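Every chain is numbered from 1, with letters handed out A, B, ... down the list of sequences. Small disclaimer: the values here were computed from a predicted structure and weren't measured.
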Amino acid sequence: MMLKQFWRIEFRKTAPFCMTISFIIFFYVLFAQKPFGIENFILIGLSSFQGMLLAICIFRDSPGTRAFLFSRSLSRKRLFFYRWYFGIMFQIFTFAVLLFIMASGLRQFIQVAFYNSTWFPFVRWHETSSLIPASLCSVFCFQITMFFILKRELRASFNQGKINLARDWTGFYILLIIINLLILPFNSLQFFSSEMSLIKIAVIPYLLVLILFTNMASLHIFKNLEVNA
Amino acid sequence: MKNNPDVKINRILSVLVRTVFCIPIYVSFFAFDQNPLVIISLFYLIAFSIGDFVRSKKSSILILIGLVLILLVFIEIGRKKLFQADDPDQLNIGKTIPESGVDVFCNDVFLGKTPFKLYKKDFKKKVHEWSNPPRQKILKSLFDKYRNYDNNYDYPYAQYYLTPENPFKKHSGFGSDNNSKRKLIINSKYWWRFDLNGCMGLNFKLTPMRGNSFEWERNSEMIPRLIFPSRKKHVDYLVEDLHDSNFNPSDIWLEHFKKYFNLIFGEFYKRVKRDKRLTFALESVVRSEFCIPDIISQNESDRIVKEILERVEKKGCFVIPSPESVCLDLFGKELMPSIEKSFLKELTETFTKRDCSSSENSFIFPNPEKGINIAPIEYAIANLCPPNLLNKLVYESRINNRYFDIVANYGVDRLEKLAKNYYDNTKYKYSYNAIKFVKYSKICINSPGINPEYIIKRIESVPYLRKNEKTKLIMRINSRESIEYLNKQKDILNSRYRSKLFISQISETPNSSFDSLIIEIHKKYGHSLFFSRVTFNLCFLRNDTEKIREYIREIWSKGLEEQKRLINDFLSVIWCNRISKYDHDEFKYNSYKGALGWFVQDFYGIQDMELKDLTVKLLEEIDTPEARDLIQFWRETSEPGISAGNAISMIEIKLNRDRQRKKEIADLLSGKIKPDDLILKCAYIWNGNDYVPENDMDKKIEKMENQ
């Protein structure tokens with residue numbers, strides 16, 4: 001392989017769904033008329049959905065693909081981290097494009113030309129602040145979904161591909177993700193703004209800890225996945 | 001599989017991930033304990049935490065940790081709720097009254113300085129019941145009961161304010177008839193007194209007014225409505241002393257002011273608004289209050305802004321005018337870097353608290369728990385319009401219109417489109433929107449690029465509005481264009497209502513190009529009762545042109561009756577406007593002189609004694625050298641026995657009184673007499689049936705006061 005084959009497989013799995021979502025986000029950012037703020041739940045929702053979809057697309061393999069990948073010389077650790085990098089890079093790419101759209105004046109141009117918007121140029125730079133909660137939520141959802149998907153795959157691999165519905169926490173996971181998404185953007189602001197100095201700097205460490213633990217757990221699961229091809 | 005080390009590691013890692021995953025939810029318990037989503041999520045959280053580990057023996061520790069965490073959250077919520085709840089054993093006193101530091105006494109026992117919390121336990125320990133109503137140093141009755149009315153118990157203001165039982169109980173059952181009021185006074189056991197800087201405060205409403213029954217709702221707040229009878233005279237004397245010292249406050253004056261700062265600041269500020277020459281004294285006072293040096297360094301600026309915010313927070317509301325607001329008015333430019341810094345900080349900190357209630361005009365924020373800190377900062381920004389914050393404010397205005405109100409003060413060209421957009425999208429349907437609508441109209445007018453005609457057309461095109469309402473709305477926009485618009489309508493003269501609006505508008509915002517129209521309206525409606533003569537004459541004074549002067553002379557030449565009426569009207573304008581809102585910006589001290597100084601020469605021909613008396617009063621007010629010469633002339637030429645008369649004698653009395661006043665002012669500043677000594681006091685005692693003046697002298701004093 002092999003890396004070329006690997007990237008081709010990943011891209012084929014991911015591109016149709018995630019690029020579609022990315023384009024939806026780009027179009028939304030270009031054509032939404034109201035100035036963006038941290039309270040923009042549509043952008044947060046779309047980014048989070050993209051994060052979740054990315055994790056599902058990257059880490060969910062068909063038995064054939066998995067058998068093919070696991071039978072190569074690439075270690076599972078490297079395979080896992082390549083996939084993780086791919087996911088993170090994809091998100092960085094999306095948000096870099098969004099930043100470019102906002103900061104380069106492309107959005108301003110479209111808003112003024114098509115909608116005769118009066119908000120610009122006042123809000124041009126301030127709007128970029130809306131990318132912070134959106135990107136945080138995207139990463140959060142990517143990490144959690146990655147862990148959840150792999151855990152589910154592990155269970156399925158133990159039960160010969162069947163999921164034990166009685167012990168299936170999918171519903172709780174999704175619910176908790178939604179709750180967290182409702183809370184996190186505002187809580188993150190609260191973290192930054194709270195008078196308690198400890199909490200003030202908590203969001204970034206929190207995400208780092210989350211990334212560390214989810215990666216550790218996911219890697220462990222990934223190593224123990226059995227191939228039922 | 002159970003003993004497989006991989007499974008164990010897997011489980012431990014799962015626990016770690018899940019715990020980290022749930023941290024925002026845990027934290028949100030602390031941050032937003034009222035969020036129902038969080039409460040619901042708690043149940044899921046319990047199931048989620050327990051579900052995966054219940055089979056694992058060692059994971060019971062982790063479950064225990066989870067349960068302890070949840071327990072802690074509940075305790076925290078409970079603790080918060082407990083302390084935020086309205087404690088029935090505590091009473092907030094004087095939290096939102098304009099004056100701070102009022103000494104509160106109950107049954108002459110000192111309880112604390114406002115704002116403070118009174119606890120039931122302390123109250124019961126300190127205060128003992130009184131069996132009889134106390135002697136009131138001052139008591140204002142609604143009617144002069146010793147002349148025209150039977151005994152009544154309506155006392156709008158009294159030194160002692162009653163609560164029948166202790167203030168932690170609810171009382172009712174006292175009607176508004178005289179008998180009930182009498183019963184209420186007799187049965188009351190707790191009598192409250194409010195002093196500020198050693199000066200007596202009178203509290204509003206001792207007994208229920210007509211039509212109301214007395215009900216003491218056990219409220220969490222006691223907000224006395226106070227007046228301080230000596231305050232006005234006190235400030236009069238201080239201002240007079242400043243006049244004598246050429247508006248440079250002496251050290252004794254400053255020291256005296258500092259001593260009575262809380263009491264007299266507001267009243268003194270009113271005087272400054274009327275007479276700009278007092279600004280220097282105000283500046284000195286504020287400097288000494290906030291220890292502001294001549295040159296303000298960055299550190300000093302930070303300290304001052306911090307002090308302002310702390311004071312506002314302590315007070316619980318931001319009042320305009322107050323020492324804090326005046327400090328921001330006077331030194332805002334120097335303090336701007338610190339204000340900008342605080343604004344950006346507060347903007348983030350109060351993200352979830354930004355829905356603070358604000359009054360449109362006064363900027364008073366009565367609720368201290370909702371972002372009170374932002375109020376003085378916003379006030380300063382609205383006044384000074386720092387360019388760095390423009391973009392930020394516009395951005396913030398997308399979710400909060402209040403920021404657009406601040407942006408509106410910038411009035412720069414670039415805002416025109418934005419203002420127009422807001423303006424177009426504001427629907428004038430309800431009264432609240434009407435205020436906004438007018439506000440945005442003003443913004444549009446202030447923006448040089450927006451044609452006022454557009455705004456007027458916009459108002460014209462608004463549905464739901466009758467013609468009169470539209471006219472009224474256009475008149476509310478203080479601009480020349482709105483008057484021009486009405487002028488173009490050419491039916492002002494035909495409409496009494498529009499003419500009246502025009503006259504009141506033009507007297508507020510003088511515009512000399514409309515002098516002919518004013519004269520025409522006066523000719524047509526000058527004697528109509530529908531118009532206020534005072535407003536007409538104010539309009540004459542404020543729109544002083546040659547045409548207007550000729551017209552006044554024309555009226556003057558019509559005969560004695562017209563002359564008397566004219567002098568009377570001018571006197572009314574001057575006297576009324578001493579207390580009216582128009583009397584500001586040096587108008588009283590300069591414009592009257594300027595506006596009527598030319599008229600003095602015409603008074604030389606007056607022969608009628610009554611008219612002379614009236615004119616002398618007017619000349620006193622005009623107070624120019626010409627006016628003084630004329631008084632002197634009349635004084636010298638008047639025949640003995642025939643007074644020119646009473647007025648001149650009154651001037652002599654006034655001179656004597658002035659000498660007396662000068663002595664009193666000196667004594668006041670040196671501390672020999674107290675401010676309360678300046679007022680006539682008429683003590684009242686309870687004779688078992690009613691409050692009556694303590695002695696005959698008091699009765700006389702009361703009569704004098706009533707006269």
* To do: Answer yes or no: does atom OH of A:Y115 have more than 12 heavy-atom neighbours from other residues, nucleotides or ligands under 6.0 Å?
  => yes
* Residues forming a side chain to side chain contact (heavy atoms under 4.5 Å, CB included) with B:D302, sequence neighbours excluded -> B:Q298, B:S338, B:K341
* Asked: Say you draw a straight line from OH of B:Y395 to CH2 of A:W119; how long is it, rounded to the nearest 0.5 Å?
  -> 10.5 Å
* Toward chain B, the part of A:F120 with a non-hydrogen atom under 4.5 Å -> neither
* To do: Step through the shown structure and confirm whether more than 12 heavy atoms of other residues, nucleotides or ligands are within 6.0 Å of CZ on A:F31.
  => yes
* Toward chain B, the part of A:E127 with a non-hydrogen atom under 4.5 Å -> both
* Structure fact -> Applying a strict 4.5 Å limit to non-hydrogen atoms, the region of A:K34 in contact with chain B is side chain
* Neighbour count >12 (heavy atoms, 6.0 Å) for atom CZ, A:F109 -> no
* Asked: Checking heavy atoms, do the side chain of A:L210, its backbone, both or neither come under 4.5 Å from chain B?
  -> both
* Separation of B:N391 CG from A:W125 CH2 (nearest 0.5 Å) -> 11.5 Å
* Hey, is CZ on A:R60 packed in by over 12 heavy atoms from elsewhere, all under 6.0 Å? -> no
